[in-house]
Visitor: 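Below is one structure. I have some questions about it.
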2 protein chains.
Amino acid sequence: MYVILVYDIQVDRIDPVRIYLKKFLNWTQNSVFEGDLTLSEIEEIKSNLANLIDQEKDSLIIYEVRDKALINIQLIGKTKSESSNII
Amino acid sequence: MYVILVYDIQVDRIDPVRIYLKKFLNWTQNSVFEGDLTLSEIEEIKSNLANLIDQEKDSLIIYEVRDKALINIQLIGKTKSESSNII
């Protein structure tokens, strides 16, 4: 499955979430990760993220499509710089 | 087309972008809009957003799929509150 994961997480919890997601996905924008995952990886990530965030205050949305070829992706403006990928 | 639009825009330019996007799409997370658009609406939005942002500093990604039924959407944590939709 191709996954786009977007998040709105309060600053004190954000680094653990990013460090965790970088094991599985590419960080494509400040609050966006993307990549191919198996169904079992998606389940694992959902379960672990639910423990890393405050479910009353933080929000994560996971968009899944069967194949990246089903999505047209267009970027306007700057691409994510490598330096900003460092946590 | 079903569109997911994510942005990373510096704070002094963010309100005009949100006000503009709310005419076309639903604001589903702090930096995420979603909704159904025609191809001509997508072209209009891309063109207008390119003028509202600083292309050296800001970033917008537009994901398009033919039909919302092709996407599985899962939310973890809080839903976007109505009050935070007010600009």
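Convention: sequence-line order gives letters A, B, ...; per-chain numbering from 1.
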Visitor: If you measure from the Lys or Arg side-chain nitrogens to the Asp or Glu carboxylate oxygens, is any gap between B:Asp36 and B:Lys68 under 4.0 Å?
Guide: no
Visitor: Looking at A:Ile4, A:Ile53, A:Val32, A:Leu49, which makes the most heavy-atom pairs under 4.5 Å with chain B?
Guide: A:Ile4
Visitor: Between A:Tyr2 and A:Glu64, do the side chains contain an N or O donor and an N or O acceptor separated by less than 3.5 Å?
Guide: no
Visitor: Side chains of A:Tyr63 and B:Asn72: do they bring a donor and an acceptor to under 3.5 Å?
Guide: no
Visitor: Using non-hydrogen atoms and a 4.5 Å limit, figure out which bit of B:Lys57 sits close to chain A: side chain, backbone, both or neither.
Guide: backbone
Visitor: What part of A:Asp58 gets closer than 4.5 Å to chain B, counting heavy atoms only: side chain, backbone, both or neither?
Guide: backbone
Visitor: Taking the side chain as everything from C-beta on, heavy atoms only, tell me whether B:Lys78 gets closer than 4.5 Å to A:Glu56.
Guide: no
